[in-house]
Amino acid sequence: MQYRAEVDGLRALAVLPVILYHAKLPYFQGGFVGVDVFFVISGYLITRIILSEIFTSSFSLVNFYERRARRILPALFCVLTLSTALAWILLPPSELKDFGQSLFSVSFFISNFLFWIEGGYFDLGTDFKSLIHTWSLAIEEQFYILFPLFVLFVYGLNRRAIFPLMFLSLFISLYLAHIFSDPSQPTEVRQAAFFLLPTRAWELMLGGVLFLANQKKFIYSNTNISNFLSFIGLVLICYSILFFNESTPFPSLYSLVPTIGAALILLFSLRGTFANKILTFYPIVFIGLVSYSAYLIHQPLLSFSRYYFLDDLTLINIIFILLFTFLLSYLSWNYIEQPFRDKNKISRKNIFMFSLSGCLVFGALGLSIHINEGFKDRYTNEEVLLLDFQSYEKREELYKNRICFLRKDQDSFGEICKKGNIYLWGDSHAASLSFGMNQISEITQFTTSMCPPILNYEIIERPYCQSINQYVFDSIEIYKPEIIYLSANWILPKYEGAETNFLKTLESLSIRYPKVEFIILGGLPQWFPSLPVVMLRAGQSLDGDGSYLENKLFDKVYSQDLAIKKIIKKLDKNNLRFLSLLDMLCKDQQCLTKFQGDETEPISFDYAHLTAGGSVVIASLISDYINNGFEDD
């Protein structure tokens, strides 16, 4: 088949945004749409291969699956080997156990199901999932298994039915994607729409329909039309990269923007067009050639780098990782991808044996890691005791989970939550304070997962958040509390852009309830990726000396504290006060890590949520500040 350099250029336009999105660079918040572009390209090329051979009576399922194995598995196995080695070196048992589960699912191309069950693509923690990106590979493999069988079956019945049935399948899949991606749908349904084949197949089918439409001469163009439409294709892809974000319902009708952009380029980027000149520029083509290996390699490098540095990545880190990604991608393409595609070097029998053996070996290895709980025996008993806090089972009871700490599917509090004349209002960070505060005096706990105490602020993942906050606001009139603490993970990305709503909330509270004292608690110290891991890497044990460590996220939390102070100062209301938790727990950017009580506990069991001991310590400090009086800065 005739080689089209612009298709490799389009691959580059797909892979670069995904990599930059996972690197969390600004202006690439919609970079995840690169996967959608990949799907269109794959659908186009696979349909071209299958139908061209079927029409010439040369198609063979065995040949087709052999080509897919040569194309996909060698580079994948290489990356899985590298990832497993890094996971063994860097990951503590609980994270290694989860990695083992991912490794098993990737080996049998079902990782999209695993990541659907575990949570959303945009949820907290995905930055540390080194194999999260393989969900799209699973989608493609599932499509590659089913689509040839579908085409052969339809072709055997009626050759002319292939195009209308593909178009009908595309329409049904797109309809389901749009319906199930709607923000009103339960989170699990929207996550299924993102991760599963039935709502993604339309993007691959779109590529197939494009090939057939072109073959049937349904597409008319001349030089001017081609130049204009292929340029529009570039604009659509770039627009979605720059202006879409995790709040954009996906895959829905919004997905048509990048996918139609890819379609226009595939159809109209003919020689001489502006788009063709851009996409056939050799450095762009080169990136396209190594794009598969680059896609596989980038996320493990980013994820494990975050673990190694115990911090979010600096721009210098990211630049180095990107350069290293493309160096390894070139080596993989030249010394792994290319040789394995050469039938003269590796026979069909050998490639099938290699593929089956690799899937079984990595599957067994992943299962073994998971069953053995991440091989805890690599660590001393003291280290295991410390790391066990990451699966802190007491949290359910301490938080009053699903009673006074509502989850995403709940919209009302139990009567047991309404106890005292002190309110604690906020998200999970507030909930983690509740146990300690209840040891000092009875409190009324109104806390909700990922729902800050901000009125009229919409968070798609928490559909009841607005109504819950309005209920808390109105309940003040009924229960007449004396003090209300407002607490949240103020630096959570989901809360970005809420400053105006927060100012209006505080203003409304202070004016409507002038006799109530509102105390806004600053952010808790945060640790990357978790306090137990930071303590382990620093050599600090529960029973050893030292109880402070450098906090690399101090400046980020402190900056947000300053922003809140600025809002309170601007409002200038006597019943609005700010209380810094950093001032209580940190000195010279080193923060308290553990608490010695009946037993020694880390202050937090994960990145910031408090253990029972940590909650008691901080609640006691807050109480002392309130009782002794405190001055706002």
Side-chain angles (χ1 to χ4, degrees), residues 94 97-98 117-120 123-125 186-188 191 387-420 422-454 459-472 475 479 484-490 492 494-495 521 523-524 526-527 529-532 581 595 597 599 601-619 622:
S94 60
K97 176 185 176 182
D98 291 341
I117 294 169
E118 286 187 342
D123 284 358
L124 292 174
T187 302
E188 293 77 8
Q191 291 171 351
L387 293 171
D388 277 346
F389 274 96
Q390 292 187 109
S391 55
Y392 194 58
E393 295 179 356
K394 292 182 181 179
R395 76 180 83 178
E396 301 290 312
E397 179 183 353
L398 297 178
Y399 288 20
K400 295 185 176 67
N401 190 38
R402 304 193 70 82
I403 301 171
C404 305
F405 176 53
L406 303 186
R407 312 305 293 185
K408 58 189 175 185
D409 59 336
Q410 295 180 284
D411 63 355
S412 61
F413 296 96
E415 285 301 316
I416 194 175
C417 307
K418 305 157 189 173
K419 282 188 174 181
I422 297 176
Y423 268 26
L424 178 60
W425 178 16
D427 61 12
S428 60
H429 284 211
S432 72
L433 280 166
S434 62
F435 176 77
M437 287 189 165
N438 268 312
Q439 307 310 301
I440 298 170
S441 60
E442 288 191 330
I443 65 167
T444 293
Q445 179 185 343
F446 289 141
T447 55
T448 308
S449 168
M450 203 190 295
C451 182
I454 302 175
I459 297 177
I460 292 176
E461 292 82 357
R462 297 296 184 269
Y464 302 120
C465 188
Q466 290 191 62
S467 61
I468 289 170
N469 281 333
Q470 189 62 50
Y471 165 79
V472 177
S475 75
Y479 297 106
I484 296 181
Y485 292 100
L486 286 76
S487 173
N489 178 11
W490 304 114
L492 190 69
K494 299 279 185 186
Y495 303 167
L521 299 177
L524 287 163
Q526 299 199 19
W527 307 88
S530 72
L531 177 56
L581 301 184
F595 164 73
E599 58 183 35
E601 294 181 351
I603 292 292
S604 303
F605 60 80
D606 59 5
Y607 73 95
H609 297 105
L610 304 172
T611 59
S615 185
V616 169
V617 167
I618 296 175
I622 291 172

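Here the structure is a predicted model, which is why all the values come from computation and not from measurement.
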Is a side-chain donor-acceptor pair under 3.5 Å present for [Y] with [X]?
| X | Y | answer |
| --- | --- | --- |
| Arg462 | Thr448 | no |
| Asn438 | Gln445 | no |
| Asp606 | Trp527 | no |
| Ser475 | Tyr423 | yes |

Less than 4.5 Å apart, any side-chain heavy atom of [X] and any of [Y]?
| X | Y | result |
| --- | --- | --- |
| Phe446 | Tyr471 | yes |
| Leu524 | Ser432 | yes |
| Asn401 | Arg395 | no |
| Tyr607 | Leu531 | no |
| Lys394 | Glu601 | yes |
| Tyr392 | Thr611 | yes |
| Leu486 | Leu521 | no |
| Ile422 | Tyr485 | yes |

For the [atom1] atom of [X] and the [atom2] atom of [Y], what is their distance to the nearest 0.5 Å?
| X | Y | atom1 | atom2 | result |
| --- | --- | --- | --- | --- |
| Leu424 | Lys419 | CG | NZ | 13.0 Å |
| Phe413 | Glu415 | CZ | CD | 12.0 Å |
| Ser487 | Ile618 | OG | CD1 | 9.5 Å |
| Asp409 | Ser449 | CG | OG | 10.0 Å |
| Asp98 | Glu118 | CG | CD | 6.0 Å |
| Ile459 | Cys451 | CD1 | SG | 6.0 Å |

Indicate the atoms forming the closest heavy-atom contact of [X] with [Y], along with that distance.
| X | Y | result |
| --- | --- | --- |
| Gly426 | Pro453 | CA-CD, 3.8 Å |
| Ile416 | Cys404 | CG2-SG, 4.1 Å |
| Ala619 | Gly436 | CB-C, 3.3 Å |
| Ala430 | Thr447 | CB-CG2, 3.7 Å |
| Phe389 | Phe605 | O-CB, 3.1 Å |
| Phe435 | Leu398 | CD1-CD2, 3.3 Å |

Are any side-chain N or O atoms of [X] and backbone N or O atoms of [Y], one a donor and one an acceptor, separated by less than 3.5 Å?
| X | Y | value |
| --- | --- | --- |
| Gln410 | Arg402 | yes |
| Glu442 | Gly420 | no |
| Ser615 | Leu433 | yes |

salt_bridge(Glu461, Lys408) N-O dist < 4.0 Å: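 The answer is no: the pair does not qualify as a salt bridge.
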Lys/Arg N to Asp/Glu carboxylate O, Lys494 vs Asp427, below 4.0 Å: no
Do the rings of His609 and Tyr399 sit parallel, tilted or perpendicular, given the 30° and 60° boundaries?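 The rings of His609 and Tyr399 sit tilted, inter-plane angle from 30° to 60°.
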